[in-house]
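Structure in structure tokens, see below.
First the proteins, then the strands, lettered A, B, ... as listed; each starts at 1. Worth knowing before you read on, the calculation uses all heavy atoms, side chains too, and leaves out hydrogens, waters and symmetry mates.
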Amino acid sequence: MLTWDSTTKIFKADLFAPAFTALDNVSFGIPEGSMVGFLGANGAGKTTSLKIALDFIRPTSGRVVYGPQLGGSAANAFKNIGFLPERPYYYPHLKGREFIQFMGELSGMRRKTINEKITPQAKRFRLDHALDRELKTYSKGMLQRIGFLVTVLHEPKLIILDEPLSGLDPVGRKEMKDIMVEIHKEGRTVFFSSHIVSDVEEVCDRVIFLRHGKLIYDGPVLPLLQDNAKQVWKFTLPSGAVFEGINYLSKTALGSGLESYVVETHLKDQFVQEIVKRNISLIGLEQQKPHLEEIFYQTRNN
Amino acid sequence: MLMFTKALIVARYTFQEMLKSKILWNVALLGFGIALMTFVAAEFTFGVPDRVALDLGLGSLTLSSYGITLLIGINLIRKEEESRTVYLIISRPVSRVAFLIGKMLGVSTFLVLNLFLLSLVTVGVVLSLGGNISSLALTAMFFSMLEAIMLLSVVVALSLLANQAIALMGAILLLVVGHAINETQSILYVQLRPWLSNVVELYHLVLPGFYRFNLKDLVLYQQELATDQIVRTFFYWLFYTTGLISCSAWILNRKNLD
């Protein structure tokens, strides 16, 4: 749907400043119908990639290809893209309703259509009570929600969100994630950048990972987790148990008279038998799955 | 056609946003100031309080337009970049040129409204003092509007090329020199040095001649201004402003918005 083809971006602040490579020959794509997370630490090149795709800045070399689903060219693509920049400040003196009308009209919507859509969309984003208030009176969460609202108002095929969850409290983050999932289920392609791995892991089926302007991973989330999974089980037991001759990976004191043992999967049954044999009370047992975050930490350290 | 439609949408909401900001309060303050200063000055004049009122009125509306134009123009595009609202607009099917024209059109409409209201105050004060408003005085007010729009196009072009401080200083410099340049030709020092005369000629060709819009002396001393002079000034304004906006559009189209 949208492809970065051998894209490089080198910044040079002034004539005497050293050049800084923000993106280094990066190629990846966003398949239609997917929900893609764009990961990387601050300064990894995520926002630069988005700015190039949206023609805010031009690449030093390489190009961005807009697929036929988006109309095939930049001029057509922008009719089918909804973009939410990172923490925009909007127009403080415009009312919520006016701002929505403004953005809707710019997207080519008729005023009548916009007016018909405002109320249901405002309810969906829990902004119906504040439509006739100036944007300067909105909280950070409300501003993020109205930004999201105007991003999806014209029903774009591809939604690009730059750090949509940053600066939000846990409740606000949950709400935003729920809406993103809902919109994806409606059949839209969602591409969002984040530096918080757990958010991406929670909602995305694909992930693109950048580090220092280079592509580290581009692919589905599940195989990445499975391939890197070291299947282990965590047993929670009362303190004081002794397991001689059994290889466990680690033992941790949990406090309140409890300890946890981490055991590899092939030794799990043997460990259970030992517990039963020693008449030890089993407090808890859970399978430990690796998180995307750990995998990326490993990748980074490697 | 589509570009112009989008520019009009941007202009409408820019104007709406500006109307709601508190900038228009300056009309009330300046209007009160003009009335008060006229009342005080009239006490010290002998038989011409209406001319004092006209002088103060024309001066105030010109200064007000300079202040507002510089203040708004310097931040017009830069503020949109800093607040990232420009991204919300140009990530839609809106070209950068439409965005620029729309912003300038919105601010220009606001400037015209501001000057129109101040002109009304001036006319009201002059008439209340028993004076009359000549067609030349109305032309002077109209020229103030043209000058404000031209100054806006200058400051926006500079703000796209340099940082805020340099752009602001450059705009003020061009404004001052643009008013004084016409007088320099008559200075003997310049007349005696052909190269300096050539520099002044070159300035006339390239840089903005704001002096063309200043009709205050003619109004106050009740002189005449030929119609062809008015038409020439109008076309100078039209071509110069259009040229500057085209340059700004060219720069903005090539600018990295990061």
Contact part of B/Val86 toward chain A, heavy-atom cut-off under 4.5 Å: side chain, backbone, both or neither?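 Contact with chain A: none, neither part.
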
Roughly how far, to the nearest 0.5 Å, is OH of A/Tyr89 from NZ of B/Lys79?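 If I round to the nearest 0.5 Å, the distance is 12.5 Å.
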
Could you tell me which of A/Val150, A/Thr151, A/Ile81, A/Ile160 has the largest number of non-hydrogen atom pairs under 4.5 Å with chain B?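 The residue among A/Val150, A/Thr151, A/Ile81, A/Ile160 with the greatest pair count is A/Val150.
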
Write down the atom of B/Lys6, the atom of A/Gly108, and the distance for their closest heavy-atom approach.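 Here B/Lys6 and A/Gly108 meet closest at NZ-N, 3.6 Å.
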
In the structure I gave you, are the side-chain heavy atoms of A/Tyr91 and B/Thr85 within less than 4.5 Å of one another anywhere?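 Yes, side chains in contact.
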
Of the non-hydrogen atoms in B/Pro93 and A/Ser107, which two are nearest, and what is the gap between them?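 Looking at all heavy atoms of both residues, the closest pair is CD-CA, 4.1 Å.
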
Answer yes or no: does atom CZ of A/Arg133 have more than 12 heavy-atom neighbours from other residues, nucleotides or ligands under 6.0 Å?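 Buried by this count: over 12 neighbours within 6.0 Å.
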
Side chain, backbone, both or neither of A/Pro156 within contact of chain B (heavy atoms, under 4.5 Å):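 For A/Pro156, there is no contact with chain B at all, as no heavy atom is under 4.5 Å.
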
With A/Glu105, the side chain to side chain contact (heavy atoms under 4.5 Å, CB included) member among B/Val10, B/Leu8, B/Ile9: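 Only match with A/Glu105 under side chain to side chain contact (heavy atoms under 4.5 Å, CB included): B/Ile9.
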
Other residues, nucleotides, ligands: >12 heavy atoms within 6.0 Å of A/Lys140 NZ: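 Not more than 12 within 6.0 Å, no.
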
Counting heavy-atom pairs under 4.5 Å to chain A, which of B/Lys20, B/Arg84, B/Glu17 comes out on top?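 If we count pairs closer than 4.5 Å to chain A, B/Glu17 comes out on top.
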
What are the two closest non-hydrogen atoms of B/Arg254 and A/Arg58, and how far apart are they?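 Minimum heavy-atom separation between B/Arg254 and A/Arg58: CA-NH1, 3.6 Å.
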
Report which part of A/Lys9 has an atom under 4.5 Å of a heavy atom belonging to chain B: side chain, backbone, both, or neither.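 Contact with chain B is through the side chain of A/Lys9 alone.
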
Please say whether more than 12 non-hydrogen atoms of neighbouring residues, nucleotides or ligands are located less than 6.0 Å from NZ in A/Lys177.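 Count over threshold, so yes.
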
When you compare the side chain of A/Phe78 with that of B/Val94, does any pair of heavy atoms fall below 4.5 Å?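 They are not in side-chain contact.
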
So, for A/Ile57 and B/Asn256, which heavy atoms are closest and what is the spacing to 0.1 Å?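 Minimum heavy-atom contact is CA-OD1, 3.3 Å.
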
Between OG on residue B/Ser91 and CG on residue A/Leu106, distance to nearest 0.5 Å: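 If I round to the nearest 0.5 Å, the distance is 9.5 Å.
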
Report which part of B/Lys255 has an atom under 4.5 Å of a heavy atom belonging to chain A: side chain, backbone, both, or neither.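 Backbone only.
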
Can you give me the closest heavy-atom contact between B/Gln16 and A/Leu94, atom names plus distance?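 That closest heavy-atom pairing would be CB-CD2, 4.4 Å.
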
B/Leu88 CG to A/Phe102 CZ distance, which is reported to the nearest 0.5 Å: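 Answer rounded to 0.5 Å: 9.0 Å.
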
Do B/Arg12 and A/Gln101 have side chains that get closer than 4.5 Å, going by heavy atoms?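 No. Closest side-chain heavy atoms not under 4.5 Å.
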
Region of A/Lys79 in contact with chain B, defined by heavy-atom distances below 4.5 Å: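 When you check distances to chain B, atoms from both the backbone and side chain of A/Lys79 fall under 4.5 Å.
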
What residue, out of A/Phe83, A/Phe11, A/Phe56, has the most heavy-atom pairs lying under 4.5 Å from chain B?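 Answer, by heavy-atom pair count under 4.5 Å with chain B: A/Phe56.
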
